[in-house]
Amino acid sequence: MTSGSLRGRTIVIVGAGPGFGHTLARRAAAQGATVVVAARTVSRVEEMAEAVRADDEVRRAGGTAIAAPVDATDPDSVRVLRETVEGHTDAVHGLVYSAFAVPSMKPLARTDHDQISAGIDLSVLGALRTTQEFTALLEAGAAGPATDAADAATSSVVMMASAVIHHSRERYAGYKIAKTALVALGHSLATELGPRGIRVNTVAPGYIYGDTLKAYFESLAGKYGGTLEDVYAHTAERMDLRRLPSEREIVDPVLFLLSDAASAVTGQTLTVDCGEFHT
Ligand SMILES: NC(=O)c1ccc[n+]([C@@H]2O[C@H](COP(=O)([O-])OP(=O)(O)OC[C@H]3O[C@@H](n4cnc5c(N)ncnc54)[C@H](OP(=O)(O)O)[C@@H]3O)[C@@H](O)[C@H]2O)c1
């Protein structure tokens with residue numbers, strides 16, 4: 001176990017992808033949580049939930065996983081997700097918003113406004129509408145018993161930003177606009193929901209070295225010449241630790257923020273990037 005136990009907690013992951021999302025689901029369930037994995041591709045979240053349920057560590061910890069479809073850009077779909085979750089439980093203790101689609105990756109001069117709007121709709125408004133839809137369930141989660149009688153119980157929203165918020169490289173402009181607005185949203189939600197026992201934080205990974213990033217690095221290698229390893233080495237040169245964070249290394253700080261170990265942490269952005277930016 002890497003941080004406080006999530007035994008008996010319900011954690012909803014919106015935008016649960018095959019790398020970070022799956023690893024988070026497995027590690028949370030291995031701490032005894034019931035994890036709801038939600039995204040648009042039903043077959044993928046169903047396979048993910050099945051794999052989590054079949055994991056030995058998860059079984060031993062008494063955790064489990066449930067798959068549910070959701071399109072975070074569609075208010076009706078988010079409402080249906082909330083109703084599905086309510087069919088299983090009357091309290092949610094953690095909500096992770098991770099939905100992501102590859103942004104334009106062009107300078108602003110060549111990015112049309114519709115692409116910027118789509119990024120904001122998915123990253124920012126998706127996080128807002130999901131948090132709003134789950135606020136009552138999260139408040140019910142915060143009303144549960146605290147692990148330490150001296151502390152107040154809280155529930156936790158974690159929204160996945162990116163270390164793109166710390167730089168202004170040309171091709172990342174559309175992505176930066178959306179993720180920076182997401183951080184601002186996290187601050188405002190933390191202020192608004194704190195009195196109801198709900199903490200809100202963002203995590204800003206530099207990179208998550210898994211299949212999504214490998215595919216992107218492969219495409220860069222194809223475009224500019226060289227190999228996947230060349231792109232990795234060139235990128236890692238900027239990091240203090242001379243390497244990129246693994247999926248587990250991004251998941252563990254998220255588990256910390258979901259846990260009672262972070263019961264006084266809210267309104268923060270935790271950068272996890274092997275030391276590229278000192279924030
Ligand atoms: N990978 C990196 O190096 C990196 C670096 C910095 C920050 N991040 C951030 O970390 C988070 C996780 O990244 P990742 O690499 O795990 O991403 P990912 O593999 O692309 O997973 C994100 C998932 O979001 C789902 N999604 C897309 N649109 C959606 C929608 N409208 N409604 C619901 N779900 C939707 C997609 O599944 P469906 O298509 O099935 O819906 C996708 O599998 C993202 O927020 C990303 O911005 C990633």
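Quick note: residue numbers are just sequence positions, from 1. Order of listing sets the numbers, starting from 1, for every ligand and every atom in it.
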Q: Please report which non-hydrogen protein atom sits nearest to atom 10 (O) of ligand 1, along with the residue it belongs to and the distance in Å to one decimal place.
A: Ile208 CD1, 3.7 Å
Q. What residue and atom, counting heavy atoms only, is the protein's closest point to atom 21 (O) of ligand 1, and at what distance?
A. Gly17 CA, 3.5 Å
Q. Atoms of ligand 1 less than 4.0 Å from Val70 heavy atoms?
A. 32 (N), 33 (C)
**Q.** Protein non-hydrogen atom below 4.0 angstrom of atom 45 (O) of ligand 1 present
**A.** yes
Q. Starting from atom 8 (N) of ligand 1, which protein heavy atom do you reach first, and at what distance in Å?
A. Tyr175 OH, 3.7 Å
Q. Are Thr154 and Ser263 close enough that a side-chain donor and a side-chain acceptor fall under 3.5 Å?
A. no
Q) What protein heavy atom is closest to atom 32 (N) of ligand 1, reported as residue, atom name and distance in Å? A) Ala72 N, 2.8 Å
Q: Start with the C-alpha distance between Arg9 and Asp260, add both sets of side-chain angles, then the distance that settles salt bridge (Lys or Arg N to Asp or Glu O under 4.0 Å), and finish with yes or no.
A: CA-CA 11 Å; Arg9 307 283 169 97; Asp260 285 351; 3.0 Å; yes
Q.
Within the 4.0 Å heavy-atom shell around Ala99, which atoms of ligand 1 are there?
A. 24 (O), 34 (N), 35 (C), 45 (O)
Q: Classify the side-chain pair Thr227/Asp230 by whether it contains a donor and acceptor separated by less than 3.5 Å.
A: yes
Q: Give the atoms of ligand 1, by number and element, whose distance to some non-hydrogen atom of Arg44 is under 4.0 Å.
A: 37 (O), 38 (P), 39 (O), 40 (O), 43 (O)
Q. Relative to the heavy atoms of Leu122, which atoms of ligand 1 are at a distance of less than 4.0 Å?
A. 28 (N), 29 (C), 30 (C), 31 (N)
**Q.** Value rounded to 0.5 Å, distance of CZ in Phe20 from CE in Met160
**A.** 3.5 Å
Q: Around atom 17 (O) of ligand 1, find the nearest protein heavy atom and jot down its residue, atom name and distance.
A: Phe100 CD2, 3.7 Å
Q.
With a 4.0 Å cut-off on N to O distance, would you call Arg60 and Asp56 a salt bridge?
A. no
(Q) Testing the basics here: between Val251 and Arg27, what is the closest heavy-atom pair and its distance to 0.1 Å? (A) CG1-CD, 3.7 Å
Q) So, are Lys214 and Glu218 salt-bridged, with charged N and O less than 4.0 Å apart? A) no
Q | Salt bridge Arg129-Glu133, side-chain N to carboxylate O under 4.0 Å | A | no
Q. Closest non-hydrogen protein atom to atom 31 (N) of ligand 1, residue and atom name please, with distance?
A. Asp71 OD1, 2.9 Å
Q | No-hydrogen, no-angle side-chain donor-acceptor test under 3.5 Å, His166 and Thr271 | A | yes
Q. Would you say the side-chain atoms of Arg7 pair up with the backbone N or O of Ala61, donor to acceptor, closer than 3.5 Å?
A. yes
Q: Find all atoms of ligand 1 within a distance of less than 4.0 Å from any non-hydrogen atom belonging to Thr212, and give their numbers and elements.
A: 15 (O), 19 (O)
Q: Would you mind running through ligand 1 and noting each atom that sits below 4.0 Å from a heavy atom of Tyr207?
A: 3 (O), 5 (C)
Q. Judged by non-hydrogen atoms, does Gly206 sit under 4.0 Å from ligand 1?
A. yes
Q | Which residue and heavy atom of the protein sit nearest atom 29 (C) of ligand 1, plus the separation | A | Arg40 NE, 3.4 Å
Q) Counting from 1, what ligand 1 atoms have a heavy atom of Phe20 closer than 4.0 Å? A) 12 (C), 16 (O)
Q) Is the shortest distance from a heavy atom of Ser98 to ligand 1 less than 4.0 Å? A) yes
Q. Taking the non-hydrogen atoms of Glu247, is any one of them nearer than 4.0 angstrom to ligand 1?
A. no
Q. Considering only heavy atoms from C-beta outward, does the side chain of Leu108 approach that of Ile177 to under 4.5 Å?
A. yes
Q: Please write down residue, atom name and distance for the protein heavy atom closest to atom 6 (C) of ligand 1.
A: Pro205 O, 3.2 Å
Q) Taking the minimum heavy-atom distance to atom 40 (O) of ligand 1, which of Thr41, Val96, Ile165, Asp273 ranks first? A) Thr41
Q: For Ser123 and ligand 1, answer yes if some heavy atom of the residue is under 4.0 Å from a ligand atom, otherwise no.
A: no
Q | SB check Arg243 Glu249 (cutoff 4.0 Å) | A | yes
Q. How far apart are the closest heavy atoms of Ala30 and Val58, and which atoms are they?
A. N-CG2, 3.7 Å
Q.
Under 4.0 Å from a heavy atom of Gly15: which atoms of ligand 1 are those, numbered in the order shown and with their elements?
A. 22 (C), 23 (C), 24 (O), 25 (C), 34 (N)
